[in-house]
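Starting from 1, each residue takes its place in the sequence as its number.
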Amino acid sequence: QVQLVESGGGLVQAGGSLRLSCTASGGTISSYRMGWFRQAPGKEREFVAHINWSRSTYYADSVKGRFIISRDNANNTVFLQMNNLKLEDAAVYYCAAHYSGPYYDFSSYNYWGQGTQVTVSS
């Protein structure tokens with residue numbers, strides 16, 4: 001069973017950038033399709049970005065053109081580069097892994113990290 005650990009969250013001013021990392025142990029991420037989700041207080045968990053085995057990527061419309069998801073299978077790590085951050089990007093960001101099912105549906109994911117907080121100030 002794979003364990004996922006996110007890092008890289010923090011406080012950033014609007015317009016700034018952060019790079020989140022998700023490192024796996026107990027398994028290799030090359031076996032999984034990987035996604036990032038986020039959840040703000042009082043809101044449902046929402047899809048952010050996804051990368052499959054062939055490195056095809058998918059993004060929520062709200063982050064398209066600003067966020068970039070990538071994977072480094074050799075180091076068992078997935079990244080989320082977040083640029084031009086907005087106040088509405090503030091949330092806990094979760095990394096997740098799955099084998100199949102819709103990439104935008106959190107219920108299709110088999111494994112989750114504990115989350116990392118991203119705070120955006122004005």
Side-chain angles (χ1 to χ4, degrees):
Q1 180 171 334
V2 66
Q3 291 84 44
L4 303 173
V5 178
E6 302 95 336
S7 61
L11 173 64
V12 63
Q13 281 191 323
S17 298
L18 279 176
R19 188 194 198 199
L20 305 184
S21 300
C22 170
T23 301
S25 60
T28 57
I29 65 164
S30 59
S31 301
Y32 301 92
R33 303 158 69 197
M34 302 297 296
W36 286 94
F37 286 76
R38 66 187 182 187
Q39 188 167 18
K43 295 188 177 181
E44 294 187 352
R45 191 168 299 193
E46 66 173 358
F47 167 74
V48 175
H50 182 270
I51 186 166
N52 66 15
W53 298 292
S54 65
R55 291 183 166 80
S56 294
T57 57
Y58 305 88
Y59 298 94
D61 288 343
S62 59
V63 307
K64 203 171 292 183
R66 299 188 297 122
F67 289 13
I68 301 171
I69 186 172
S70 61
R71 62 192 301 160
D72 180 352
N73 290 340
N75 289 296
N76 242 8
T77 302
V78 177
F79 301 99
L80 185 67
Q81 177 67 42
M82 306 187 295
N83 301 318
N84 189 21
L85 282 159
K86 302 178 180 181
L87 295 177
E88 53 264 39
D89 293 320
V92 176
Y93 282 71
Y94 298 90
C95 171
H98 70 150
Y99 297 106
S100 61
Y103 62 82
Y104 49 82
D105 185 352
F106 70 85
S107 67
S108 73
Y109 286 76
N110 306 96
Y111 304 106
W112 291 85
Q114 83 291 347
T116 186
Q117 178 72 50
V118 171
T119 303
V120 183
S121 65
S122 58

Exercise. Would you give the length of the straight line joining atom CD of Gln81 to atom CG of Leu20, rounded to the nearest 0.5 angstrom?
Key: 8.5 Å
Quiz prompt | Heavy-atom pair of closest approach, residues Asn84 and Arg66 | solution = O-NH1, 3.0 Å
Self-check item: Enclosure of Gln13 CD (heavy-atom neighbours >12, cutoff 6.0 Å)
Solution: no
Practice problem: Consider only side-chain heavy atoms of I, L, V, M, F, W and Y, link residues closer than 4.5 Å, and tell whether Leu18 and Tyr94 are in one cluster. | Solution: no
Self-check item: Distance (rounded to the nearest 0.5 Å) between Ser107 OG and Arg45 CZ
Solution: 11.5 Å
Exercise. Any pair with a residue in residues 8-40 that passes ring pair (Phe, Tyr, Trp, His ring centres under 6.0 Å), sequence neighbours left out, goes on the list, sorted by first then second residue, please.
Key: Tyr32-Tyr99, Tyr32-Tyr111, Phe37-Phe47, Phe37-Tyr109, Phe37-Trp112
Exercise. Measure across Ala40 and Ala90 and return the closest heavy-atom pair with its distance rounded to 0.1 Å.
Key: CB-O, 3.7 Å
Exercise. Could you tell me whether a side-chain N or O of Gln3 sits under 3.5 Å from a main-chain N or O of Gln1, the two making a donor and an acceptor?
Key: yes
Exercise. Kindly give the heavy-atom pair with the smallest separation between Ser122 and Leu87, and that separation in Å.
Key: N-CD2, 3.7 Å
Quiz item: Would you say Tyr59 has more than 12 foreign heavy atoms packed within less than 6.0 Å of its OH?
Solution: yes
Practice problem: Hey, can you tell me if His98 and His50 have their rings parallel, tilted or perpendicular (30° and 60° cut-offs)? | Solution: perpendicular
Quiz item: Step by step, would you call Arg38 with Ser62 a side chain to side chain contact (heavy atoms under 4.5 Å, CB included)?
Solution: CA-CA 12 Å; Arg38 66 187 182 187; Ser62 59; 3.5 Å; yes
Practice problem: Over all heavy atoms of both residues, which pair between Val78 and Ile69 is shortest? Give the atoms and the distance, please. | Solution: CG1-CG1, 4.1 Å
Practice problem: Decide yes or no for Leu11 and Ser121: does some side-chain heavy atom of the first lie under 4.5 Å from some side-chain heavy atom of the second? | Solution: yes
Quiz item: How many angstroms lie between atom CG of Leu4 and atom OG1 of Thr77, to the nearest 0.5 angstrom?
Solution: 10.5 Å
Exercise. To the nearest 0.5 angstrom, please state how far the CD1 atom of Ile29 sits from the CG atom of Asp72.
Key: 7.0 Å
Quiz item: Just how far is it from atom CG of Asn52 to atom OG of Ser100, taken to the nearest 0.5 Å?
Solution: 13.0 Å
Practice problem: Determine, using the 4.5 Å side-chain heavy-atom cutoff (strictly less than), whether Ile68 and Phe79 are members of one ILVMFWY cluster. | Solution: no
Quiz item: Which atoms form the tightest heavy-atom contact between Arg71 and Ile51, and what is the distance?
Solution: NH1-O, 3.5 Å
Quiz prompt | Cluster check Tyr58, Phe106: I/L/V/M/F/W/Y, side chain < 4.5 angstrom | solution = yes
Self-check item: Smallest separation among heavy atoms of Ala91 and Gln117, with atom names
Solution: O-NE2, 3.4 Å
Quiz item: Once you round to the nearest 0.5 Å, how far does OH of Tyr103 lie from OG1 of Thr57?
Solution: 10.0 Å
Self-check item: Check: Glu6 side chain, Thr116 main-chain N or O, donor-acceptor pair, under 3.5 Å
Solution: no
Quiz item: So, Lys64 and Asp61, do they make that salt bridge, N to O below 4.0 Å?
Solution: yes
Quiz prompt | Same apolar cluster: Val12 and Tyr93, side chain cutoff 4.5 Å | solution = yes
